There are 2 protein chains.
Amino acid sequence: MRDVDLNRIRGLQLFAGMSDARFTDATGGAFLQNFPANATLLYEGDPVDFLYILLEGTVELQGTWKDKESTLAILRPISTFILAAVVLDANALMSARTLEKSQILMLSAESLRRTMNEDPAFAVAVAQEVSGCYRGLVRSIKNQKLRSGAERLANYLLTLQVRQGGVETVTLPHEKRTLASLLGMTAENLSRAFATLSDYGVEVQGAEVKLARPVPLRRLAAPSPLLDNHMPPGKGTTGKAAKEMWPPSERSCSAERG
Amino acid sequence: MRDVDLNRIRGLQLFAGMSDARFTDATGGAFLQNFPANATLLYEGDPVDFLYILLEGTVELQGTWKDKESTLAILRPISTFILAAVVLDANALMSARTLEKSQILMLSAESLRRTMNEDPAFAVAVAQEVSGCYRGLVRSIKNQKLRSGAERLANYLLTLQVRQGGVETVTLPHEKRTLASLLGMTAENLSRAFATLSDYGVEVQGAEVKLARPVPLRRLAAPSPLLDNHMPPGKGTTGKAAKEMWPPSERSCSAERG
DNA sequence: CGGATATTTGAAATCTCTCAACGACAGTGG
DNA sequence: CCACTGTCGTTGAGAGATTTCAAATATCCG
């Protein structure tokens, strides 16, 4: 493990209150691994021996049942994943695989559990991190159960717009079929959802999507902090109001949602 | 606060590793409250000042968007709720209301956060509890995205059967319209889903549901520990295999799912 | 009993999925 | 350079699932 790699995660909320000694200890058995695109890191049901931290690339978390599969989240750096299974020493509920060439840091689950017990600040940080992920999932379920396909797409596009700095034309960061699965629909249906949104000024050209009439689009989408996380990760404002609306640990779980 | 009430929660995983002194401290600002049926405890978006612990009765957690609402979980004693918001000092993402007369213990969120910082074992227990809830939600999303309405109902019935001790005729613990919302469908559709399942030996008589042909029903439902939590709360076996399959904290989040 | 609420059923509309075909595109190898 | 191939995205048609609205029936509770 090179220091330069460890330093990249030293700044995470998760390790914030930790002493250097303890950090060194916790990351003792860690190693950095490079994966090609479409590499499966973990199958659902597998025992979890590591906490994964995505440093470069893209990782998809997915679930399977009876030959059907669904994307539950798409991760971008820097994100931890499978933390809850690590905490409980349980089997994975989701499969993880790379969508592109990725660099992933793997920390020993057992070391982390030991560190949790030895370092109170770390245990608190873990609780906060998992709580943030939990709240992300609550939003996810609400999004899924309360909105139609076109509404989910509209909100996805508006969230993307905020994350990309408010540009008029956003760039879809993933293949459309992956996006469809994330949004809980088939690829064909995503196509039709885009067609539906053309009535609201959405113009698609490959991965480029122009949101030409934001006002009617927002009226359809009705984004809400109770269902959507519009904060650009790592771009949180420092004002008190913004902090309370989007606590840091909630931002650190940077999964894009369906 | 009477000791007899505090003793009821003293045995929870959440407070297991805690010293009596610290427990007394943490529950200092606590109070017990009785609510009638259909009382709203908390609206989504509200600041969260308490950790709620359901001692008697039934509580529904629900989400709302644009005049639509959906039941996210139904809680039975003894369950904590809104823990993640307490940990992060954030606003509630779900509304909570009683479905029947309920007795609820309310612990000061601020005291709990302070206790987390002072008592490492408690911080670990919180992390484990939230992790268990997180995994419950992962199962929930997979259930919702991967299964059809009839499949969700079939699995709900089979889970109910296990929880009620393997009886042939299970008793629905909630109104059908509430159940429908939990399962992510309309009340009308739940009726039709029951009709569909009659081909699989499901006979409905009010709240009594006879599962007359378990084998074909199970083939349709295809229950899986990766999507369902079949363990009866408080009835976990003590064998090693069972423990690894259903870690204690995962059981403590006794939300019934849709 | 009466009235309110819950549940079921029917019919139509809407949404979503499946299957199939087609065009666009990139990479390969002749 | 150009067919060949495979993947991806779109479109159409039909089937299936789900929702909505309306009405009928059942159940609960005072």
Side-chain angles (χ1 to χ4, degrees), chain A residues 36-38 58 60 65-71 99-100 143-157 171-200 202-209 220 258, chain B residues 36-38 58 60 65-71 74 99-101 143-157 171-200 202-209 220 258:
Chain A
N38 294 314
T58 308
E60 172 192 35
W65 183 73
K66 258 191 178 183
D67 298 326
K68 281 189 279 285
E69 68 175 54
S70 181
T71 301
L99 291 183
E100 47 183 46
N143 189 41
Q144 187 67 35
K145 286 181 78 174
L146 292 168
R147 304 212 264 227
S148 72
E151 289 165 343
R152 291 196 295 275
L153 174 58
N155 278 287
Y156 177 82
L157 293 174
T171 306
L172 300 179
H174 318 293
E175 282 182 5
K176 290 212 181 83
R177 72 194 164 96
T178 305
L179 182 54
S181 181
L182 181 67
L183 294 174
M185 60 181 97
T186 59
E188 297 93 324
N189 216 15
L190 175 61
S191 251
R192 289 171 187 125
F194 270 121
T196 300
L197 293 189
S198 69
D199 295 346
Y200 298 84
V202 174
E203 300 163 21
V204 187
Q205 204 79 245
E208 305 294 306
V209 181
L220 170 73
Chain B
N38 293 314
T58 308
E60 172 193 35
W65 183 73
K66 260 192 176 180
D67 298 326
K68 282 189 278 286
E69 68 174 55
S70 182
T71 301
I74 297 176
L99 291 182
E100 49 183 43
K101 193 158 100 55
N143 190 41
Q144 186 67 35
K145 287 181 79 173
L146 291 168
R147 303 211 266 227
S148 73
E151 288 164 344
R152 291 195 295 276
L153 175 58
N155 278 288
Y156 176 82
L157 293 174
T171 305
L172 301 178
H174 318 294
E175 282 182 3
K176 290 212 180 85
R177 73 194 163 93
T178 306
L179 181 55
S181 181
L182 182 66
L183 294 175
M185 59 181 98
T186 60
E188 297 93 322
N189 214 23
L190 175 61
S191 247
R192 289 172 187 124
F194 271 121
T196 300
L197 293 190
S198 70
D199 296 346
Y200 298 84
V202 174
E203 299 162 20
V204 187
Q205 203 78 246
E208 303 297 305
V209 181
L220 170 72

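A note on names: the letters A, B, ... follow the listed sequences, proteins ahead of strands, and every chain is numbered from 1. Since the model is a prediction, treat every value here as computed from it, not as a measurement.
Per the geometry, CZ belonging to B/Arg192 stands 15 Å off P belonging to C/dT7, to the nearest Å. In this structure, B/Leu153 places its CG atom 15 Å from C1' of D/dA17, rounding to the nearest Å. Rounded to whole angstrom, the span from the CD atom of B/Glu208 across to the P atom of C/dT7 amounts to 14 Å. Distance B/His174 NE2 to D/dC28 P: 17 Å, rounded to the nearest Å. If you take CG of A/Leu190 and C1' of D/dG9, they are 10 Å apart, rounded to a whole angstrom. Summarising the geometry, the separation between CD on B/Glu175 and P on D/dC28 is reported as 11 Å, rounded to the nearest angstrom. Between the P atom of C/dG23 and the CD atom of A/Glu188 lies a distance of 18 Å, rounded to the nearest Å. In this structure, A/Met185 places its CE atom 11 Å from C1' of C/dC15, rounding to the nearest Å.
Contacts of B/Gly206 with the nucleic acid, taken as non-hydrogen atoms under 4.0 Å apart, are absent.
Distances shorter than 4.0 Å separate some side-chain N or O of A/Lys176 from OP1 or OP2 on D/dT10. A close approach under 4.0 Å does occur between a side-chain nitrogen or oxygen of A/Thr186 and OP1 or OP2 of C/dC17. Between A/Ser148 and C/dC15 there is no side-chain polar atom (N or O) within less than 4.0 angstrom of OP1 or OP2.
Not one N or O on the side chain of A/Arg177 forms a donor-acceptor pair closer than 3.5 Å with the backbone of A/Ala187. Between the side chain of A/Lys145 and the backbone N or O of B/Leu182 there is at least one donor-acceptor pair closer than 3.5 Å.
Closest heavy-atom contact between A/Leu172 and A/Gly206: CD1-O, 4.5 Å. Counting all heavy atoms, side chain and backbone alike, B/Thr178 lies closest to B/Glu60 at CG2-OE2, 4.2 Å.
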Residues B/Thr71, B/His174; criterion side-chain contact (heavy atoms from CB on, under 4.5 Å); working and verdict: CA-CA 12 Å; B/Thr71 301; B/His174 318 294; over 6 Å; no

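Each of C/dC17, C/dA20, D/dT18 was ranked by its minimum atom distance to the side chain of A/Asn189; first place goes to C/dC17. Checking C/dT18, D/dG9, C/dT7 against the side-chain heavy atoms of B/Ser191 singles out C/dT7 as nearest.
Residue order along DNA chain C, read from the 5' end via each residue's closest nucleotide, puts B/Arg177 first among B/Ala195 and B/Arg177.
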